[in-house]
Amino acid sequence: DQQVKQNSPSLSVQEGRISILNCDYTNSMFDYFLWYKKYPAEGPTFLISISSIKDKNEDGRFTVFLNKSAKHLSLHIVPSQPGDSAVYFCAAREYGNKLVFGAGTILRVKS
Amino acid sequence: EAGVTQFPSHSVIEKGQTVTLRCDPISGHDNLYWYRRVMGKEIKFLLHFVKESKQDESGMPNNRFLAERTGGTYSTLKVQPAELEDSGVYFCASSQQGDLITDTQYFGPGTRLTVL
């Protein structure tokens, strides 16, 4: 039973436009959410996070939005760059240091 | 500073054989984690060490998997005997502190295990 779902396996965006990656979760006990980025043959790299007490966190071109009532979060990348092409994983803290990940969304930014 | 390293990068074995994966965390990181990603699906937590102690092993699939971290430095994950469904990419991660909110988990490049 998948508790974190990324329903879009892939997304293609033109360079300079906005990329929006979505994530839904089912466990209302999750209190901290993270996005990781993964290039081929590398491990996931932490990108940005948000606590469940906030609804937005911004870091440069990356913004994460959290809608607790809908159990939905999204990652916005503006403007998108070709170097942003990667697999993006949404993750949530279940308890302690245990992370629950989604299956990932492949982002392709076309130049 | 060296990142998390994993060895081997790839392993191909036959069903019933034994394989041992190794992870070297970032120096000074007391927390070490193992994860697995099967065939493009979600990355699943396997277990968490704090130094040499298993803090949480709730994600270990079954008793064919044995993780150790003798001396609290590097860790090994042994699969014996391997089954077809064990194929996937095994990631190791480490963090300095034990709090996700104040500390980041740094991932290694993974070991791709193929069981034939």
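Each chain gets a letter, A, B and so on, in the order its sequence line appears, and its residues count up from 1.
Of the two parts of Lys38(A), only the side chain, counted from C-beta on, holds a non-hydrogen atom closer than 4.5 Å to a non-hydrogen atom of chain B. Interface residue Gln105(B): backbone and side-chain heavy atoms are both found under 4.5 Å from chain A. Contact annotation for Tyr39(A): neither backbone nor side-chain heavy atoms come within less than 4.5 Å of a heavy atom of chain B. Only the side chain of Arg37(B) comes within less than 4.5 Å of a heavy atom of chain A; its backbone N, CA, C and O stay farther away. The part of Gln2(A) that comes within reach of chain B is its side chain, from C-beta onward, which places non-hydrogen atoms under 4.5 angstrom from that chain. Contacts of Tyr35(B) with chain A are made by side-chain atoms alone, with heavy-atom separations under 4.5 Å and no backbone atom involved. Neither the backbone nor the side chain of Asp103(B) comes within contact range of chain A; no heavy atoms are under 4.5 Å apart.
A cation-pi arrangement, defined by a distance under 6.0 Å to the six-membered ring centre and an angle within 45 degrees of its axis, is present between Arg22(B) and Tyr74(B).
Put simply, of Lys44(B), Glu42(B), Lys41(B), the one with the most heavy-atom pairs under 4.5 Å next to chain A is Glu42(B). If you tally non-hydrogen atom pairs under 4.5 Å between each of Glu94(A), Glu42(A), Arg93(A) and chain B, the highest count goes to Arg93(A).
In this structure, Asp55(A) does not pair ionically with Lys68(A), as no charged nitrogen and carboxylate oxygen lie closer than 4.0 Å. Looking at Asp56(B) and Lys54(B), no side-chain N of the basic residue comes within less than 4.0 Å of a carboxylate O on the acidic one, giving no salt bridge.
The six-membered or imidazole ring of Tyr25(A) lies near that of Phe33(A), with a centre-to-centre distance under 6.0 Å.
Side-chain contact annotation: Ser8(A) with Thr105(A), donor-acceptor N/O pair under 3.5 Å absent. Residues Asp24(A) and His72(A) have side chains that bring a donor and an acceptor to within less than 3.5 angstrom of each other.
Between Phe89(A) and Phe101(A), the angle of the ring planes goes over 60°, which puts this pair in the perpendicular group of the 30/60° scheme.
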